[in-house]
Each structure stands twice: as structure tokens, then as C-alpha cells.
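Working notes, beginning with the structure itself.
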Number of protein chains: 2
Amino acid sequence: MTEAPNVNRATCPSRIVLEHVTSRWGLLVLAALRERSFRFSELRREIGGVSEKMLAQTLQTLERDGFLLRDAKPVIPPRVDYSLTVMGREAADQVWALAHWVERQLPAVVEARESYDGARVS
Amino acid sequence: MTEAPNVNRATCPSRIVLEHVTSRWGLLVLAALRERSFRFSELRREIGGVSEKMLAQTLQTLERDGFLLRDAKPVIPPRVDYSLTVMGREAADQVWALAHWVERQLPAVVEARESYDGARVS
DNA sequence: CGGCATCCCTGTGGATACTG
DNA sequence: CAGTATCCACAGGGATGCCG
């Protein structure tokens, strides 16, 4: 058994980072960028349902944490490409594996829910 | 490359489950229960900083999804033990691996942040 | 096009009190 | 002890409008 990370503290720094990569949009950004680099509005269309504000905010957070690179080309009209860093790639693979695993368990989860809800009605 | 789970839809069911296991307290509950089963208030003390309401809510959600078992013993005073199901154990290991990886990357993240913040000041 | 600022609303989640 | 119920504060996050 490896030594326990102390994520038990609400203020623990790794907790914050963990929330960045598993957050609603953070996860989707990382997942999308696994395939290739994206422009801002490409990313927005690819993910779907994300507001400009949240996408910008998410991208900034992940860039600041060192998970992705922002390449702003000084042209008119502006063109900004986002891609994963090496660390970002690892993070993306991790959360992707988790997402994938969850999706595989979905039938079991649905069944568990029906069982749970059924028991409460009877 | 395995086929992509479609987590891109905000309404996607697996998104919901993913949020349950990676949520603030969900993660900590799963992490704690990897070691052994816990009673309600044991868990509350172990995790630290979690309100009764949120712990109860988190436990219910994870139980309903089939990640953990609730064993309520009909005694006075009440005694309720929580433990992982087989699926819960797998989920816990996954999120734990992720948390652990994040913690290892923490120095790199801090460095990236300093670099990012420094560039904005200069 | 790719943001940033502002406004505003909803829902998460904490504190407290009560019950079986 | 192990919850439920209620209230409420605050922040996450959406919509809109403006700027480089």
C-alpha cells in the first residue's frame, strides 16, 4: 500500500488541482485535447453546452496549473490554439480512463439505482 | 485507442456518476473506505470538515449508485456501518490513483503557476 | 475571433434544531 | 447515534455587452 496523500483537508492544495482536472468543463477540455489541439471556438463547439465565460475560465486555470499550452498567434483575426503539455497529457489519460471506466459501469449503476429506489417504494 | 465515451453532453448519465465519485466529499468517502468500513460519525471525524448533511447526502448518493453498502444494525443506540461494494472498491482505487498522481505532480503545478503568474507581472 | 467585465440568478452546501 | 428538516449565505456559473 502506497502512502496516503492527505486529501482529507479541505484546504489541501492537491484537492484544488484535483477539482480543476475533474471539474465539469475541465474534464471535457482535457478529453477533447487528447485527440488534437483546438482553437477556442472549435473547443466550444466540440464540447457543447459550455458558456464562453466558463470555457475561458477553465482554460486559464488549466494553463496556469501547467496542464495545457496557449498559443496565441498575433494575427488578425486572432487565432489561439490550445494543446496539452506532457503533464496535461498524463492528466487527460488518467481522467479519461476514469470516465471510460464509469461509462462501462453504467448498466450496473442503473441497476443498483432501480434496486435502491424499488426497495424504498415497497 | 478505445472508443470514446460520450461525456460531452451535459446531460450524459455517466457525467452524473462521474461527478458523484469525484465530488468534493465523494472522493474522500471512497478514499477513507478503502482501508476499512466506517460508522457514520467515524467517517465524519476521519474526513474532517464535512457537515452532517453533506456526509449523509454523499453516502446516500454513492449507496444508490451501488458503490457502497449501508448496514444499519437494529440496536439502541443505532449503529450503521458503511463499506465498499466490489464496484465501489474499483471506483475508489481509480479515484485514489488519480488523487495520488495529482499529489505527485504538485511541485510541477506550483512551479507552473509561479511561472504563469510571474509572466503576467513582468 | 477570443476574450474580459458586469449583472444576476440558481443551487450547493453550511449551521442549527429536531426526531427515532 | 444517525440521521432528517429548515433556513440561509455565498459562490458557481449563465447571459449579455464591450474591447483589442
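In what follows, every chain begins at residue 1, and chains take the letters A, B, ... in the order their sequences are listed. When reading the values below, keep in mind they use all heavy atoms of this one structure, side chains included, and skip hydrogens, waters and symmetry mates.
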Is A:R39 near enough to C:dG2 that one of its side-chain N or O atoms lies under 4.0 angstrom from OP1 or OP2?
yes

Between P on C:dG2 and OH on A:Y82, what's the gap in Å once rounded to a whole number?
8 Å

What is the distance, to the nearest angstrom, from the CE atom on B:M54 to the P atom on C:dT12?
9 Å

Of all the choices, D:dG3, C:dG2, D:dG14, which nucleotide is nearest to the side chain of A:F40 once you look at every atom?
C:dG2

Report yes if at least one side-chain N or O of B:S41 is closer than 4.0 Å to OP1 or OP2 of D:dA2; otherwise report no.
yes

Separation of A:L55 atom CG from C:dC4 atom C1', in whole Å?
14 Å

Counting side-chain heavy atoms from CB outward, which of C:dC4, D:dA2, D:dT6 is closest to B:V80?
D:dA2

Interatomic distance where CG belongs to A:D71 and C1' belongs to C:dC1 [whole Å]
15 Å

Over 12 non-hydrogen atoms of neighbours within 6.0 angstrom of CD in A:E90
yes

Assuming nearest nucleotide by heavy-atom distance, tell me which of A:Q60 and A:P78 is located more 5' along DNA chain C.
A:P78

Presence of salt bridge, A:R36 and A:E42, under 4.0 angstrom
yes

With rounding to the nearest 0.5 angstrom, report the CD to CG distance, B:E63 to B:L69.
7.5 Å

Length of the line joining A:R24:CZ and D:dG12:P, which is rounded to integer Å
14 Å

In Å and rounded to the nearest 0.5 Å, what is the OG1 to CZ distance from B:T61 to B:F67?
11.0 Å

Between C:dC1 (C1') and A:R70 (CZ): distance, integer Å:
12 Å

Out of D:dG13, C:dG13, C:dG2, whichever nucleotide has its closest atom nearest the side chain of A:K53:
D:dG13

Separation of A:E52 atom CD from C:dC1 atom C1', in whole Å?
9 Å

Starting from P on C:dG14, measure out to CD1 on B:I47 and report it in whole angstrom.
12 Å

Can A:D117 and A:R113 be counted as an ion pair, charged N to O under 4.0 angstrom?
no

Heavy atoms only, 4.0 Å cut-off, all strands: where does B:Q57 land among base, sugar-phosphate and nothing?
nothing

